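Remember, predicted model here, so these are calculated numbers, not experimental data. Numbering of ligands and ligand atoms starts at 1, following listing order.
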Amino acid sequence: MKREFLALEVTSVVLGACREFLAKEGFVELLPVILAPVTDPLRTTPEWATISAYGRSWYLTRSMIFHKQAAVRVHPKIFCFSPNVRLEPAERAKTGRHLFEFVQLDLEVRGASREEVMDLGERLLLHVLGEVRRECGKDLRVWGREVPEYSRPFPRVSWHEAREEFGEDFEVELSRKHKEPVWLVDFPIDQREFYDREDPERPGILRDMDLLYPEGYGEALSGGEREYQPERIKARILRQGLSLDAFRPLLALAEDGLHPSAGFGIGVERLVRFLCGFSHVGEVRLFPRIPGEDALL
Ligand code: AMP
Ligand code: MG
């Protein structure tokens with residue numbers, strides 16, 4: 001079996017397993033939004049992709065974070081396979097983890113705590129691993145990859161502890177050192193975007209998390225609780241030196257009433273790369289969009 005064929009088979013099983021798991025948990029699937037008047041600020045990706053149409057400019061969505069916050073006003077549990085365009089700097093092609101167009105499974109739960117969505121994330125991942133082992137285990141073994149088995153809960157390390165133990169490169173080190181997925185929690189406020197909720201009991205610390213794959217594969221997902229009160233959102237936007245004007249649609253929604261919520265986004269290509277044991281996330285896609293590289297089709 002060719003690697004491209006295997007990647008397609010595994011991706012298909014992953015998508016099916018996620019949908020099956022989330023439907024049983026009471027989630028509904030949103031259709032993706034690709035063009036929007038406002039999108040994720042993502043300060044580490046400074047370039048924006050836009051198109052103009054009907055006399056104005058539209059962003060290609062970098063994530064559906066604000067759409068998720070709006071959607072949980074309508075339904076308490078939503079998910080979406082969301083195509084994201086992020087014009088990553090060309091040197092990120094070398095990380096093995098970055099595409100400039102990718103898909104994330106993005107989900108949000110009204111009224112949930114960070115701990116509740118971490119629990120959901122662990123169960124989702126174990127379900128997907130089980131299905132891929134059952135459906136594709138034999139084919140993966142031919143390529144030298146054994147689908148790993150883990151038990152819950154996964155270990156949790158705070159951002160500060162990780163930084164103290166491993167220095168600047170703590171994410172890579174943590175992912176290399178661990179034999180099972182590991183949670184990184186409690187990011188300092190200025191490390192993340194304004195929508196991650198500040199812990200009311202620990203100012204300066206966020207109620208958020210990343211999950212890291214073991215074996216050096218790095219970040220699997222990011223998420224957390226969200227800021228939802230207009231005054232808090234405004235203060236956080238200004239704290240990051242962003243303009244309130246740029247986020248007017250979100251502020252209008254918040255004035256109208258957003259719910260507390262929590263959720264996460266897990267990159268589909270990175271998950272399949274991990275399951276297949278591939279060295280580059282581009283190997284997962286038939287038509288990869290690798291920063292700085294051309295595409296035939
Ligand atoms: P973020 O909210 O930026 O953490 O993105 C959510 C998830 O999407 C990450 O945890 C990754 O799994 C995935 N992801 C983010 N950026 C990229 C990228 N450039 N290429 C592929 N996957 C990505
Ligand atoms: Mg992230």
**Q** Just jot down the side-chain hydrogen bond (donor to acceptor under 3.5 Å, both in side chains) partners of Trp58, sequence neighbours excluded, or say none.
**A** none
**Q** Taking only heavy atoms of Leu221 into account, list the atoms of ligand 1 that are under 4.0 Å away from them.
**A** 10 (O)
**Q** Nearest 0.5 Å please: distance from the CD atom of Glu215 over to the CZ atom of Phe274.
**A** 5.0 Å
**Q** For Phe247 and Phe194: C-alpha separation, side-chain torsions, deciding distance, then whether ring-ring contact (aromatic ring centres under 6.0 Å, His included) applies.
**A** CA-CA 11 Å; Phe247 297 97; Phe194 68 77; 5.0 Å; yes
**Q** Once rounded to the nearest 0.5 Å, what's the spacing between atom NZ of Lys68 and atom OH of Tyr195?
**A** 8.5 Å
**Q** Is Ala220 near ligand 1, meaning one of its heavy atoms is under 4.0 Å from it?
**A** yes
**Q** Using a strict 4.0 Å cut-off to heavy atoms of Glu219, name the atoms of ligand 1 that fall inside it.
**A** 4 (O), 9 (C), 10 (O)
**Q** Tell me how many protein N, O or S atoms are closer than 2.8 Å to the Mg ion (ligand 2).
**A** 2
**Q** Is Glu88 near ligand 1, meaning one of its heavy atoms is under 4.0 Å from it?
**A** yes
**Q** If you measure from the Lys or Arg side-chain nitrogens to the Asp or Glu carboxylate oxygens, is any gap between Glu193 and Arg236 under 4.0 Å?
**A** no
**Q** Flag Arg86 as yes when one of its N or O atoms lies below 3.5 Å from any N or O atom of ligand 1, and as no otherwise.
**A** yes
**Q** When rounded to the nearest 0.5 angstrom, what is the spacing between NE2 in His178 and CD in Glu173?
**A** 11.0 Å
**Q** Got a sec: does the CG of Leu31 have more than 12 other heavy atoms crowding it under 6.0 Å?
**A** no
**Q** Is it true that Glu108 and Arg226 have a side-chain N and a carboxylate O under 4.0 angstrom from each other?
**A** yes
**Q** Does any N or O of ligand 1 fall below 3.5 Å from an N or O anywhere on Leu42, backbone included?
**A** no
**Q** For atom 11 (C) of ligand 1, find the nearest protein heavy atom and state the residue, atom name and distance (0.1 Å precision).
**A** Arg270 NH1, 3.5 Å
**Q** Would Val281 count as a polar contact of ligand 1, with the cut-off being nitrogen or oxygen pairs under 3.5 Å?
**A** no
**Q** So, applying side-chain contact (heavy atoms from CB on, under 4.5 Å) with Leu258, which one of Gln229, Gln69, Arg110 is it?
**A** Gln69
**Q** Is His98 touching ligand 1 with its side chain, its backbone, both, or neither, if touching means heavy atoms under 4.0 Å apart?
**A** both
**Q** Counting heavy atoms only, name the option from Phe102, Tyr213, Phe274 that's nearest to atom 18 (C) of ligand 1.
**A** Phe102
**Q** Taking atom types as modelled, find out whether Asn84 and Gln104 have a side-chain donor-acceptor pair closer than 3.5 angstrom.
**A** yes
**Q** Compare all side-chain heavy atoms of Val109 with those of Glu116 and state whether any distance is below 4.5 angstrom.
**A** no
**Q** Just to confirm my output: which protein heavy-atom neighbour is closest to atom 6 (C) of ligand 1, and how far is it?
**A** Gln104 OE1, 3.4 Å
**Q** Would you say Arg97 touches ligand 1, if touching means a heavy atom closer than 4.0 Å?
**A** yes
**Q** Consider only side-chain N and O atoms of Ser158 and Asp186, and report whether a donor and an acceptor are under 3.5 Å apart.
**A** no
**Q** Under 4.0 Å from any heavy atom of Gly265, which atoms of ligand 1 are there?
**A** 6 (C), 7 (C), 10 (O)
**Q** Looking at Pro181 and Leu211, what are the two nearest heavy atoms and their distance?
**A** CB-CD1, 3.9 Å
**Q** Of all the non-hydrogen atoms in the protein, which one sits nearest to atom 4 (O) of ligand 1, and at what distance?
**A** Ser222 OG, 2.8 Å
**Q** Tell me whether Leu99 reaches ligand 1 (any heavy atom closer than 4.0 angstrom to a ligand atom).
**A** yes
